[in-house]
Amino acid sequence: MKIGILISGRGSNMVAIIDAVQKGEIPGSEVAVVNSDKADAPGLEKARERGVEAIVVERAGRKREEHDAEIASELSKRGVELVCLAGYMRLLSPSFIRAFEDRILNIHPSLLPAFPGLDAQRQAIEHGVQTSGCTVHYVDEGLDSGAVILQKPVEVRSDDTVETLSARILEQEHIAYVEAVKNIVVSARRA
Ligand code: GRF
């Protein structure tokens, strides 16, 4: 299965997926391309260092539909079958979602449906919850609202800051994303 990863920044979840694929932990898969909507995303270099093609389809000044159509075309050209959003900071248009129906995944740093949107870790601390975590989910037209695929809980400690909680959640994100992609690839091969 050919995977395309969309990023906007650091790309640590992208690295986790690429490394798992390259170590053979997700048999029958290949990361065909990484796309960033920002030319200065640090994740681009990390992908290239791993021998993965990394491209930029700039979003600046462009309408969402037009931007997404170009991304969809770049992904399709490379035969991408599964799209993984990994810190991709722009909502996708309905036409992009239809083009890859039920084949777009995202990772979010909370136990959805709690704390969708930005600053999920801060929201968790401010609400005083004792458990947060991360969620891999399908992407639909809403904000972090698609069906849940897999979740990992993380304890919120009384002395946690946004930074310490984010770091512990991120460790679980890397595990969860690889596990979810693996499950999807394995079940697609069985089908
Ligand atoms: C992660 O916390 C992810 O859950 C959220 O954005 C962050 C991206 O981090 N959607 P990275 O770019 O994968 O390091």
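We count ligands from 1, going down the list as the structure has it; atoms in each ligand are counted the same way. All values derive from a computational prediction rather than experimental measurement.
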May I ask you to test the I18-V34 pair for a side-chain heavy-atom distance under 4.5 Å?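 SC-SC contact between I18 and V34 confirmed.
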
Flag side-chain contact, heavy atom, 4.5 Å: V139 against V83: no

Of all the non-hydrogen atoms in the protein, which one sits nearest to [atom], and at what distance?
atom	result
atom 9 (O) of ligand 1	R10 NH2, 3.1 Å
atom 6 (O) of ligand 1	G87 CA, 3.6 Å
atom 12 (O) of ligand 1	G11 N, 2.8 Å
atom 11 (P) of ligand 1	S12 N, 3.4 Å
atom 10 (N) of ligand 1	I107 O, 3.0 Å

Among H174, E173, Q121, closest by any non-hydrogen atom to atom 1 (C) of ligand 1: E173

Evaluating non-hydrogen atoms only, which member of I7, L85, N13 is closest to atom 13 (O) of ligand 1? N13

What residue among R62, R90, R59 forms side chain to side chain donor-acceptor pair (under 3.5 Å) with H67? R90

Listed partners of Q172 passing side chain to side chain donor-acceptor pair (under 3.5 Å), at least two apart: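 Counting only residues at least two positions away or on another chain, Q172 forms no side chain to side chain donor-acceptor pair (under 3.5 Å).
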
Does a side chain donor of either S132 or Q121 reach within less than 3.5 Å of an acceptor in the other side chain? no

Okay, side chain of R122, backbone of V162: is any donor-acceptor separation there less than 3.5 Å? no

